[in-house]
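Presented below is the structure to which this report refers.
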Amino acid sequence: MSERVKVKKKQSAPAAEAKANAALPALGVKGMLRWAWTQLTSMRTALFLLLLLAVAAVPGSLFPQRPANPAVVTQYIKDHPDYGKLLDSLQLYDVYSSAWFSAIYLLLFISLIGCVVPRAIAHYRAMRSQPPRTPQRLSRLPEYATMVIPSGAGIPASEAIKSAAGVLRKRGYRVEVRDADGALPSLGAERGFLKEVGNLVFHTSLIGVLVSVAAGGLFGYSGQRILVEGDTFVNTLVGYDQFNPGTNFQSSQLQPYSLQLDKFNITFDRESRGKFGQPIDFAATVTTKENPDAPAKQEILKVNDPVTLGGTSIYLTGNGYAPVVTIRDGAGNVAMQGPVVAKLQGDNYYSSVVIKVPDAKPDQLGFAGFFLPTAFVTNEGVSFSGDPELFNPQLSLNSYYGDLGLDAGAPQNVFELDVKKLTPLNARNLPTKGITLTPGSTYTLPDGKGTISFDGVKRYIGVDIHHNPGQVSALVFALLAVAGLILSLYVNRRRVWVRTGTVADGRTMVEYGLLARGEDHRLAGEAAALRKLFSGEWQLEAEDPAADHTPQSQQTPSPTGDNGAGSADNGAGSADNAPGSVTTPAGPTGPEKDQ
């Protein structure tokens with residue numbers, strides 16, 4: 001082993017021992033909080049939280065949600081007793097209002113604010129500050145070139161730097177001229193502040209989107225209602241068939257407007273063969289009133305063309321037929337009268353019908369069957385719908401009597417009839433057979449249970465009613481985010497420095513360099529454009545762009561050696577770290593100044 005290695009080992013042993021025995025200072029509570037805040041407000045953490053929020057939203061589509069349909073959640077827990085209650089304890093039926101989803105949401109919100117605010121302050125200070133000082137070695141910049149203004153042009157160094165500043169200002173640069181009356185005047189210029197502005201707008205818009213979505217979830221609501229021709233919907237809680245409130249919804253938010261369905265028209269295809277009978281247009285004529293004292297207004301509600309009332313949007317989402325029936329009980333009293341919504345089940349508006357008559361005496365009555373707009377009967381005696389229009393309406397029903405289970409107060413589906421505890425009166429497998437009615441006909445039920453009449457047919461529509469106070473702002477912030485992203489991608493942050501000097505023979509020497517913050521593949525094009533503008537400004541002959549990178553040995557040397565170092569970019573990178581020889585324009589006398 002050589003003596004030098006032995007000496008190094010002897011010297012390193014005490015250093016290693018001292019390093020091993022060194023005690024690190026305690027971080028402390030304040031230091032720990034500062035470290036935690038730094039980690040939370042980093043862009044890496046914000047991106048991680050955004051991804052985590054997307055993953056946390058997945059259970060909301062896998063499991064039924066209580067705000068949307070509490071009955072479905074209750075049934076799901078009954079159907080899965082082994083893990084249904086466990087999922088409920090984990091708030092997987094209330095994902096979007098759960099503690100863990102809200103925690104991720106709030107952390108993302110705080111992270112974005114903590115990331116954007118310091119950057120906005122720093123960028124504001126950068127916009128108000130002057131461009132960085134002129135580097136002593138412009139030749140080390142990525143784009144560097146020299147130009148010579150002949151002595152006959154009569155343009156001294158001071159005039160050249162002023163005209164160069166004018167060219168750069170016209171090109172959108174923020175310019176500062178240094179030592180304009182000195183031997184070696186120079187300038188610093190920069191532009192592209194919109195790049196960081198776009199970046200800040202993008203991240204601020206994300207915060208705006210989060211706030212808008214939160215406002216919609218907290219104060220918004222939605223609901224559904226089925227309207228038969230002639231019915232009126234009033235915007236109250238009891239007016240909805242189904243209502244889904246936001247977390248902080250208050251009934252005072254409901255504006256007392258009304259909407260009446262006057263007429264619903266459907267246009268069916270009667271020309272093409274492949275789609276014959278298919279609906280091609282829907283139009284609901286409605287009468288609206290903004291409040292009880294407002295004048296009535298007639299509007300047309302169509303698919304994808306909602307009506308806006310009281311801050312809500314009303315969408316046309318469904319339609320069908322509603323047979324009008326009159327049912328009398330065994331005592332001859334009218335137990336039920338009016339339209340019954342038929343639920344679409346198949347082609348050509350084949351629809352199922354359920355009628356529940358809890359007011360019938362002495363026994364409650366129930367009917368279940370189907371409605372056919374245009375009834376056809378096969379050779380086997382099976383009825384089917386041959387056309388969606390009302391050419392031959394037919395109502396086919398089975399009847400039952402007994403306890404419908406409505407008096408207990410348990411919610412039931414209006415489109416389903418539980419016949420397990422009911423006694424059949426009419427059915428195809430019974431001697432009494434089923435009930436077949438056409439408009440205007442009446443059927444007498446067996447055992448003196450009453451009668452049922454088919455009075456006619458009306459149309460109905462299904463509407464979705466949405467109120468989202470954050471919807472417009474979410475759209476605005478989303479558009480701003482896209483605009484900010486475009487700015488940050490297509491605007492480049494650039495800096496330009498120009499130095500001039502006059503030599504003894506009267507020529508004015510010009511050198512300039514360009515530096516981009518980050519990658520900028522268009523920087524060379526910018527350098528060529530500036531050279532062309534400078535040539536036009538000083539009326540120089542057009543030169544080959546290759547002359548922008550004249551070998552150092554052929555350029556005019558500085559009268560003195562340049563051993564200084566200047567920063568070309570505060571935070572963006574130093575121009576002095578690139579390799580290259582020293583070349584500056586020749587000054588008339590004295591050493592070069594550090595601008």
Side-chain angles (χ1 to χ4, degrees), residues 33-63 65-68 90-124 194-223 244-250 253 308 311-313 315 464-489 491:
L33 291 176
R34 184 183 292 110
W35 175 85
W37 175 256
T38 303
Q39 297 300 314
L40 178 61
T41 56
S42 67
M43 187 55 62
R44 178 178 57 187
T45 302
L47 293 175
F48 173 76
L49 289 172
L50 189 62
L51 176 62
L52 188 61
L53 188 69
V55 174
V58 172
S61 60
L62 297 179
F63 304 105
Q65 296 300 295
R66 187 171 281 110
L90 296 176
Q91 298 181 301
L92 292 180
Y93 304 128
D94 302 273
V95 168
Y96 306 112
S97 59
S98 63
W100 47 271
F101 189 87
S102 301
I104 298 172
Y105 197 92
L106 290 175
L107 285 175
L108 176 60
F109 187 77
I110 295 171
S111 179
L112 286 174
I113 293 178
C115 179
V116 170
V117 172
R119 289 180 61 178
I121 295 174
H123 186 61
Y124 175 75
L194 285 179
K195 182 179 183 67
E196 182 64 12
V197 170
N199 203 357
L200 293 172
V201 167
F202 173 75
H203 289 91
T204 304
S205 299
L206 289 183
I207 298 174
V209 170
L210 290 177
V211 173
S212 301
V213 172
L218 290 173
F219 305 105
Y221 61 86
S222 64
N244 303 313
T247 306
N248 286 2
F249 168 80
Q250 301 293 331
Q253 293 180 239
T308 302
T312 66
S313 297
Y315 298 87
D464 273 0
I465 303 164
H466 292 272
H467 173 68
N468 188 346
Q471 184 175 13
V472 176
S473 58
L475 175 62
V476 172
F477 282 120
L479 295 177
L480 285 176
V482 173
L485 185 61
I486 293 174
L487 280 177
S488 64
L489 291 177
V491 175

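In what follows, residues are counted from 1 in the order of the sequence shown. The model shown is predicted, which means the values in this text are computed figures rather than measured ones.
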Heavy-atom pair of closest approach, residues His203 and Val116: CB-CG2, 3.3 Å
Would you find a donor on one side and an acceptor on the other, under 3.5 Å apart, between the side chain of Tyr96 and the backbone of Gln65? no
Heavy-atom closest pair, residues Pro469 and Ala215: CG-O, 3.8 Å
Taking the side chain as C-beta and beyond, is there a heavy-atom pair between Phe219 and Asn468 under 4.5 Å? no
Check: Phe101 and Leu53 side chains under 4.5 Å, non-hydrogen atoms: yes
Taking the side chain as every heavy atom from C-beta outward, state whether Ile121 and Pro118 have any pair of such atoms under 4.5 Å apart. no
d(Glu196 CD, Arg119 CZ) to nearest 0.5 Å is 4.5 Å
Quick one: pull up CG in Leu47 and CG in Leu52 and give me the separation to the nearest 0.5 Å. 12.5 Å
If you round to the nearest 0.5 Å, how far is CG of Leu33 from CG of Leu40? 12.0 Å
Minimum heavy-atom separation for Val95 to Gly60, with atom names? CG2-N, 3.7 Å
Rounded to the nearest 0.5 Å, how far does CZ of Phe477 lie from CD1 of Ile207? 9.5 Å
If we only count heavy atoms from C-beta on, is the Thr312 to Tyr221 side-chain gap below 4.5 Å? yes
Kindly compute the distance separating CG (Asn244) from CZ (Phe249), expressed to the nearest 0.5 Å. 11.0 Å
Pairs touching residues 44-54 that satisfy side-chain hydrogen bond (donor to acceptor under 3.5 Å, both in side chains), sequence neighbours left out: Ser42-Thr45
Hey, is the main chain of Val58 close enough, under 3.5 Å, to the side chain of Ser61 for a donor-acceptor pair? yes
In Å and rounded to the nearest 0.5 Å, what is the CG to CG distance from Leu194 to Leu200? 11.0 Å
Would you say His466 and Asp464 make side-chain contact, with heavy atoms under 4.5 Å? yes
